[in-house]
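Chain identifiers are assigned alphabetically (A, B, ...) following the order of the sequence lines, protein sequences preceding nucleic acid strands; residue numbering begins at 1 within each chain.
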Protein chains: 2
Amino acid sequence: MSYTHRYRLALDRILELVVVLNDDMTRSLASYGLTVSRTHLLWELRQRGPTTQKALADALQVSPRTVTGLIDGLVSSGFVTREPHPSDRRATHVSFTEWGVSIMVVLERSHAEFAQALFASMPDTDFDCFVVGLDQLLGRLREHVAASAEDA
Amino acid sequence: MSYTHRYRLALDRILELVVVLNDDMTRSLASYGLTVSRTHLLWELRQRGPTTQKALADALQVSPRTVTGLIDGLVSSGFVTREPHPSDRRATHVSFTEWGVSIMVVLERSHAEFAQALFASMPDTDFDCFVVGLDQLLGRLREHVAASAEDA
DNA sequence: TATTGTTATACTCTATAACTATA
DNA sequence: TATAGTTATAGAGTATAACAATA
């Protein structure tokens, strides 16, 4: 079998991985009352600490309007709060509730356990080599995205 | 650095791959007037040949109502047609238009070129080893999904 | 009675544009 | 004049439930 053909099969398997991984995350997060998009926002908030909606919109590369919707949902479900920004009265200060922090801790733990479940049974040499390939792949993909962005 | 830690980093990189790949596909398909979901449907239709909406709903693991919406879009944009089913008057026969087929040919070619761009620069031994890891990963992931499904 | 696909309704994510309050 | 966030509006994907036509 030619490498050209094997490249295509490998890409197909990666796309399958994307689908299965996405479904699994969606289902698993739903059990916490979360969606993938809202969890991305929580993740950013976790990295930065309390911040403005504008900063979150930039970080997630999404419109300010979209952040309004995501935060609306997260406030209703009790993960975060909106408070007046201490120094800029136009802006909103978004912070975790105690409940929100406790869920993030659970998610981080379950993330680590998931990684363990996926890789722990893999022989070390296979894992090392897989990571090398993965890094190369991400590099090529970024080049590809950059090249397509130039065309547009 | 512990393997436990390295597993987490590898998972993070895979999740990053998922995001970048999804964005790239979304952007690239948009230039053909397609979305990811509609393209999944076209892909299934390509594998099976003309078929019913029910069959497509089962294949995509999505509700019949969702297929109605996807086909509505694909009919408006001229990729497929709805015709009476030859033997079952309840059902709809979904087929490609000529235009739809011609776009599928272009997409298949661009898919193969994409695979080439991602992998061709990788040394053969790295590629082979990456594929081994990828297969193991998909296997573990499927086990994980099956196990979570049992809980629910 | 069961199946196919639709209408009705609702929720989420996404966007742009117009607007308010503030800087 | 520029910025932060909202309301208004719209399109896409998803779901369930009720219903029509047909099997």
* **Base of D/dT3 paired with side chain of A/R90 (donor-acceptor, under 3.5 Å)** =>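 A donor-acceptor contact between them is present.
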
Under 4.0 Å between a side-chain N/O of [X] and OP1 or OP2 of [N], yes or no?
{"X": "A/T68", "N": "D/dT6", "value": "yes"}
{"X": "B/T66", "N": "D/dA15", "value": "yes"}
{"X": "A/S63", "N": "C/dT14", "value": "no"}
{"X": "B/R38", "N": "D/dG13", "value": "yes"}

Quickly work out the [X] [atom1] to [N] [atom2] distance and round it to whole Å.
{"X": "B/I71", "N": "D/dT14", "atom1": "CD1", "atom2": "C1'", "result": "16 Å"}
{"X": "A/L56", "N": "D/dA4", "atom1": "CG", "atom2": "C1'", "result": "13 Å"}
{"X": "A/H85", "N": "D/dG5", "atom1": "NE2", "atom2": "P", "result": "8 Å"}
{"X": "A/R65", "N": "C/dT16", "atom1": "CZ", "atom2": "C1'", "result": "11 Å"}
{"X": "A/H93", "N": "D/dG5", "atom1": "NE2", "atom2": "P", "result": "11 Å"}
{"X": "B/R89", "N": "D/dA20", "atom1": "CZ", "atom2": "C1'", "result": "14 Å"}
{"X": "A/L70", "N": "C/dC11", "atom1": "CG", "atom2": "P", "result": "16 Å"}
{"X": "B/L29", "N": "D/dG11", "atom1": "CG", "atom2": "P", "result": "21 Å"}

* **First encountered from the 5' end of DNA chain C, between A/G69 and B/A55** =>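 This one resolves to B/A55.
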
* Asked: Mapping A/V36 and A/P64 onto DNA chain C by nearest heavy atom, which one lands closer to the 5' end?
  ->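 Checking each residue's closest nucleotide, the 5'-ward one belongs to A/V36.
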
* Whether B/F127 and B/F119 hold their rings parallel, tilted or perpendicular, with breakpoints at 30° and 60° ->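 B/F127 vs B/F119 ring planes: perpendicular.
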
* Would you call the rings of A/H85 and A/H93 parallel, tilted or perpendicular, where under 30° means parallel and over 60° means perpendicular? ->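 Perpendicular.
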
* Asked: Are the side chain of A/S121 and the backbone N or O of A/A117 linked by a donor-acceptor pair below 3.5 Å?
  ->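 No, because the side chain of A/S121 does not come within donor-acceptor range (under 3.5 Å) of the backbone of A/A117.
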
* For A/T92 and A/R82, indicate whether the former's side chain and the latter's backbone hold a donor-acceptor pair under 3.5 Å. =>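 Not confirmed, A/T92 side chain does not pair with A/R82 backbone.
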
Counting only side-chain heavy atoms from C-beta out, which of [options] sits nearest to [X]?
{"X": "A/V62", "options": "D/dT14, C/dT14, D/dG5", "result": "C/dT14"}
{"X": "B/A91", "options": "C/dA15, D/dT6, C/dT4", "result": "C/dT4"}
{"X": "A/Q53", "options": "D/dT22, D/dG5, C/dG5", "result": "D/dG5"}
{"X": "B/T92", "options": "D/dT7, D/dA23, C/dG5", "result": "C/dG5"}

Sugar-phosphate, base or nothing in reach of [X], heavy atoms under 4.0 Å:
{"X": "B/V67", "value": "nothing"}
{"X": "B/T35", "value": "sugar-phosphate"}
{"X": "B/S37", "value": "sugar-phosphate"}

* Can a salt bridge be assigned to the pair A/R13 and A/E16 using a cut-off of 4.0 Å between side-chain N and carboxylate O? ->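 Salt bridge flag = no for A/E16 with A/R13.
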
* Option from B/R46, B/H40, B/R48 for which side-chain hydrogen bond (donor to acceptor under 3.5 Å, both in side chains) with B/E44 holds ->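 Exactly one pass, corresponding to B/R48.
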
